[in-house]
Number of protein chains: 4
Amino acid sequence: MSLRAQKTAKKKEEIVKSAISIITEKGYHNTTMEDIAAKLLMTKGSVYYYFKDKHDLLYQSYKMLLESSINTVADIQRENISVEDKLSKVMTAHIEYLIAERSGFETGINPEQFFEGNKLKSILDLRSKYASEIDRLIIEGIDSNVFAPVDVKIVRNIILGAMNWVIRWYSPEGEMRGEEMASSITKYLLRILKQND
Amino acid sequence: MSLRAQKTAKKKEEIVKSAISIITEKGYHNTTMEDIAAKLLMTKGSVYYYFKDKHDLLYQSYKMLLESSINTVADIQRENISVEDKLSKVMTAHIEYLIAERSGFETGINPEQFFEGNKLKSILDLRSKYASEIDRLIIEGIDSNVFAPVDVKIVRNIILGAMNWVIRWYSPEGEMRGEEMASSITKYLLRILKQND
Amino acid sequence: MSLRAQKTAKKKEEIVKSAISIITEKGYHNTTMEDIAAKLLMTKGSVYYYFKDKHDLLYQSYKMLLESSINTVADIQRENISVEDKLSKVMTAHIEYLIAERSGFETGINPEQFFEGNKLKSILDLRSKYASEIDRLIIEGIDSNVFAPVDVKIVRNIILGAMNWVIRWYSPEGEMRGEEMASSITKYLLRILKQND
Amino acid sequence: MSLRAQKTAKKKEEIVKSAISIITEKGYHNTTMEDIAAKLLMTKGSVYYYFKDKHDLLYQSYKMLLESSINTVADIQRENISVEDKLSKVMTAHIEYLIAERSGFETGINPEQFFEGNKLKSILDLRSKYASEIDRLIIEGIDSNVFAPVDVKIVRNIILGAMNWVIRWYSPEGEMRGEEMASSITKYLLRILKQND
DNA sequence: TATGAATGAGGCTTCATTCAT
DNA sequence: CATGAATGAAGCCTCATTCAT
């Protein structure tokens with residue numbers, strides 16, 4: 001990648017990160033392009049230089065979030081630890097990421113409402129990919145008798161729902177630090193899966 | 001309540017129910033007053049007769065949903081059954097209600113984003129009330145040694161997140177009926193609380 | 001048509017007529033919706049109540065112009081006069097209409113540039129219809145030996161070009177009245193067709 | 001002219017020619033500076049090196065077209081042929097030029113709409129000059145009894161309108177070649193002027 | 001000369017809301 | 001009570017133009 005292309009990529013990422021946090025805070029429709037630009041000390045026009053339109057910015061932001069999540073899981077999958085530890089790490093990472101990036105996209109933006117056609121498909125595909133990574137861990141755990149047999153789809157969605165909900169109630173000003181809370185949630189969720197012997 | 005007042009109340013409820021389902025489907029900002037009116041074969045003007053403005057309609061809809069939930073819990077609280085059964089019933093009812101009414105308000109509408117001042121306070125109070133009903137059941141269960149000791153706030157939020165998430169992934173066209181799924185989710189969530197003796 | 005529908009139709013026509021004259025004067029792109037509304041002492045919003053968007057207003061204006069031309073020709077076709085008189089009347093009417101309505105659509109708006117898809121097709125169809133009415137008169141004249149044999153398509157386009165050009169150079173402030181000029185142009189154009197015996 | 005000046009002049013002409021054809025095709029307002037630059041594999045910035053602004057590019061393009069037309073007429077005026085042949089040649093050249101350069105400026109761009117002040121005056125002067133060259137030929141023809149007496153202004157405008165209209169309907173894919181059509185139109189237009197003895 | 005990133009004015013469009021009938 | 005025409009504030013987006021490198 002040329003220097004220029006790098007610079008452009010960096011700028012795009014900067015905008016995306018900023019957009020994610022404002023949109024999480026105020027909601028997509030209550031966030032104006034002006035808001036997004038202003039937060040970065042840019043003008044609207046500049047944002048449009050990097051993104052076709054507001055919707056495109058949302059799409060690319062969403063995609064980046066999902067891809068980042070998938071990468072995290074893939075990294076963890078490669079580690080040489082037990083299934084339980086892997087799932088544990090995946091969950092903790094997920095929650096900590098939400099908190100750190102202040103991203104409420106998973107709860108605040110319903111892909112079916114915001115996207116259509118190829119864009120929707122692409123988002124749903126990424127979601128599925130992430131979901132199946134979790135499923136894989138669950139199944140592996142069941143197969144190796146570490147986890148009890150469960151309805152994988154339902155349990156996975158319980159896990160996702162519980163994790164994504166965090167952004168709605170966790171406050172950094174509270175008594176618990178993010179990591180503590182992440183590991184606490186993880187611990188409780190694992191109880192659903194653990195053999196009861 | 002006079003006949004007229006009754007009629008008005010009925011009409012209001014009709015509008016609210018319709019609004020909830022459209023807003024759940026398309027999102028608040030993608031739903032126009034025209035849409036809401038049209039679905040009921042009314043005109044915009046009529047809706048304004050019953051509700052001060054769009055925001056008021058949202059507020060009253062949200063309130064109605066929460067109050068209905070709270071009533072349900074209260075009813076269950078009064079029943080003469082075990083704590084575990086009570087919590088179980090509350091969760092099942094919550095999920096089935098979401099599915100039946102096709103309401104995605106809990107996930108789709110973040111009160112902090114949509115309301116402010118007294119309205120926000122009133123919504124948050126109702127939420128708290130509902131939350132503390134659940135907390136009460138959890139605590140009661142712990143006190144009576146039916147449930148393991150847990151961080152009540154965290155577990156309660158895990159439960160809420162997992163339940164509310166349902167509207168995002170459950171499809172009535174799928175193989176599982178709503179009640180089945182509700183009881184399945186309930187069963188798994190209870191594992192978090194159950195003593196592991 | 002109900003009273004209300006009549007009123008709406010009238011208002012639409014009012015807007016269209018006004019739009020035609022402003023667009024002719026300033027050009028489509030130099031005319032703002034504000035301009036069009038202001039000229040009628042309306043607000044932008046009102047115009048949008050009657051027309052989907054600016055382009056739709058252009059389309060309906062263009063269509064109305066063409067339909068009106070076609071009706072005029074049809075009326076003349078039915079009259080009990082000679083072919084030459086018919087063609088003569090058609091040309092005179094065309095020119096006088098341009099001047100009276102101050103419409104420069106034919107020269108100022110190239111359908112291929114402004115429309116596409118079905119709208120383009122619909123405009124081109126109307127144009128064709130008008131063109132073939134003129135062709136019919138030319139052919140009739142040739143068949144009855146009143147006109148000399150000519151390449152119909154070319155002569156028709158000469159006639160159209162010469163007539164439409166009027167809006168570009170005729171000034172009502174000049175020495176010649178519109179009708180005079182219309183009949184003068186008509187007279188000259190007929191020379192192209194007249195037998196030279 | 002220095003080598004550098006020559007190079008600059010050449011580049012300017014290149015840009016102008018390219019601009020004329022894009023603007024003819026898409027219209028001035030639908031043509032962006034980006035479009036013009038891209039077609040020449042330049043960047044916007046470069047175009048601005050040669051032309052003050054978009055409007056200046058339009059102006060110079062229009063001027064170049066008119067000057068070229070005037071030069072053509074002047075050349076023909078100097079030829080040692082009959083008045084009729086001169087007018088004939090002028091018209092044929094005019095039409096062939098429009099077709100060859102795909103220039104629809106005469107019909108697509110109304111000077112009154114696009115220019116003002118000195119620029120408008122300068123364009124109108126060139127137009128007048130061109131018009132009076134045609135007038136001169138007509139008058140000469142009348143004086144020498146080759147042409148019938150006519151209202152010169154009207155006939156000249158008929159001729160101009162008929163010629164300029166060509167760009168709107170002539171398609172190079174059609175059955176007739178450009179030269180054929182040019183001479184055909186010329187032939188018909190001359191009938192307006194020819195003595196009918 | 002050439003580039004491409006940044007700017008900002010201007011125009012289109014939507015839609016909640018009002019109000020006379 | 002109901003209607004539908006009218007309003008106008010607010011936000012998206014385009015693109016000519018500038019300018020540092």
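In what follows, chains are A, B, ... by sequence order, proteins preceding strands, each numbered from 1. None of the values given here were measured: they were computed from a predicted structure.
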Asker: Is F/dC13 paired to anything, Watson-Crick or G-U wobble with both distances less than 3.5 Å, and if yes, which nucleotide?
Answerer: E/dG10
Asker: Starting at CG of C/Asn30 and ending at C1' of E/dG10, how long is that distance when rounded to a whole Å?
Answerer: 12 Å
Asker: With DNA chain E as reference, determine whether C/His55 or A/Met42 sits nearer its 5' end, using the nearest nucleotide of each.
Answerer: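 Here A/Met42 is the residue nearer the 5' end.
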Asker: What does C/Thr31 touch in the nucleic acid at a heavy-atom separation under 4.0 angstrom: a base, only the sugar-phosphate, or nothing?
Answerer: sugar-phosphate
Asker: Of all of residues 43-54 of chain B, which get a heavy atom below 4.0 angstrom from DNA chain F, listed by number?
Answerer: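 Contacting residues: B/Thr43, B/Lys44, B/Gly45, B/Ser46, B/Tyr49, B/Tyr50.
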Asker: Give a yes or no on whether a salt bridge exists between C/Lys39 and C/Asp35, defined as a side-chain N under 4.0 angstrom from a carboxylate O.
Answerer: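 No salt bridge links C/Lys39 with C/Asp35.
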Asker: Please report, rounded to the nearest Å, how far the C1' atom of F/dA10 is from the NE2 atom of A/His29.
Answerer: 15 Å
Asker: Which residue is it: C/Phe114, C/Tyr59, C/Tyr62? I am looking for the one with a ring pair (Phe, Tyr, Trp, His ring centres under 6.0 Å) to C/Phe105.
Answerer: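 Result for ring pair (Phe, Tyr, Trp, His ring centres under 6.0 Å) with C/Phe105: C/Tyr62.
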Asker: What is the separation between atom CG on C/Asp35 and atom C1' on E/dC12, rounded to the nearest whole Å?
Answerer: 13 Å
Asker: How many whole angstroms separate atom NZ of B/Lys7 from atom P of F/dC1?
Answerer: 7 Å
Asker: In the structure I gave you, are the side-chain heavy atoms of C/Ile23 and C/Ser61 within less than 4.5 Å of one another anywhere?
Answerer: no
Asker: Within 45° of the six-membered ring axis of C/Tyr28 and under 6.0 Å from that ring's centre, is NZ or CZ of C/Lys54 located there?
Answerer: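 C/Lys54 over C/Tyr28 ring: yes.
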Asker: Please pick, from E/dC12, E/dT1, F/dG11, the nucleotide with the shortest atom-to-atom distance to any side-chain atom of C/Thr32.
Answerer: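 Out of E/dC12, E/dT1, F/dG11, the nucleotide with an atom closest to C/Thr32's side chain is E/dC12.
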Asker: For the side chain of C/Gln113 and the backbone of D/Thr24, is there at least one donor-acceptor N/O pair under 3.5 Å apart?
Answerer: yes
Asker: Could you check how far CD of A/Gln6 sits from P of E/dG4, rounded to whole Å?
Answerer: 16 Å
Asker: Within the distance-only criterion (no hydrogens, no angle test), does the side chain of A/Thr8 pair as donor or acceptor with the backbone N or O of A/Arg4 below 3.5 angstrom?
Answerer: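 Yes; at least one donor-acceptor contact below 3.5 Å.
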Asker: Which class fits the ring pair B/His55 and B/Phe115: parallel under 30°, tilted 30 to 60°, perpendicular over 60°?
Answerer: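 Answer is perpendicular, since the angle exceeds 60°.
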Asker: Which is more 5' along DNA chain F, the nucleotide nearest B/Leu41 or the one nearest C/Leu41? Just name the residue.
Answerer: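 The 5'-side residue here is B/Leu41.
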Asker: Let's test this: given Watson-Crick or G-U wobble pairing with both distances under 3.5 Å, identify the partner of E/dA20.
Answerer: F/dT3
Asker: Between E/dG4 atom P and D/Met33 atom CE, what is the distance in whole Å?
Answerer: 16 Å
Asker: Of A/Tyr28 and B/Lys11, whose closest DNA chain F nucleotide lies nearer the 5' terminus?
Answerer: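 Counting from the 5' end, the first nearest nucleotide belongs to B/Lys11.
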Asker: Provide, to the nearest angstrom, the distance between the CG atom belonging to C/Leu57 and the P atom belonging to E/dT13.
Answerer: 10 Å
Asker: Rounded to whole Å, how long is the line connecting atom CD of C/Glu34 with atom C1' of E/dT13?
Answerer: 13 Å
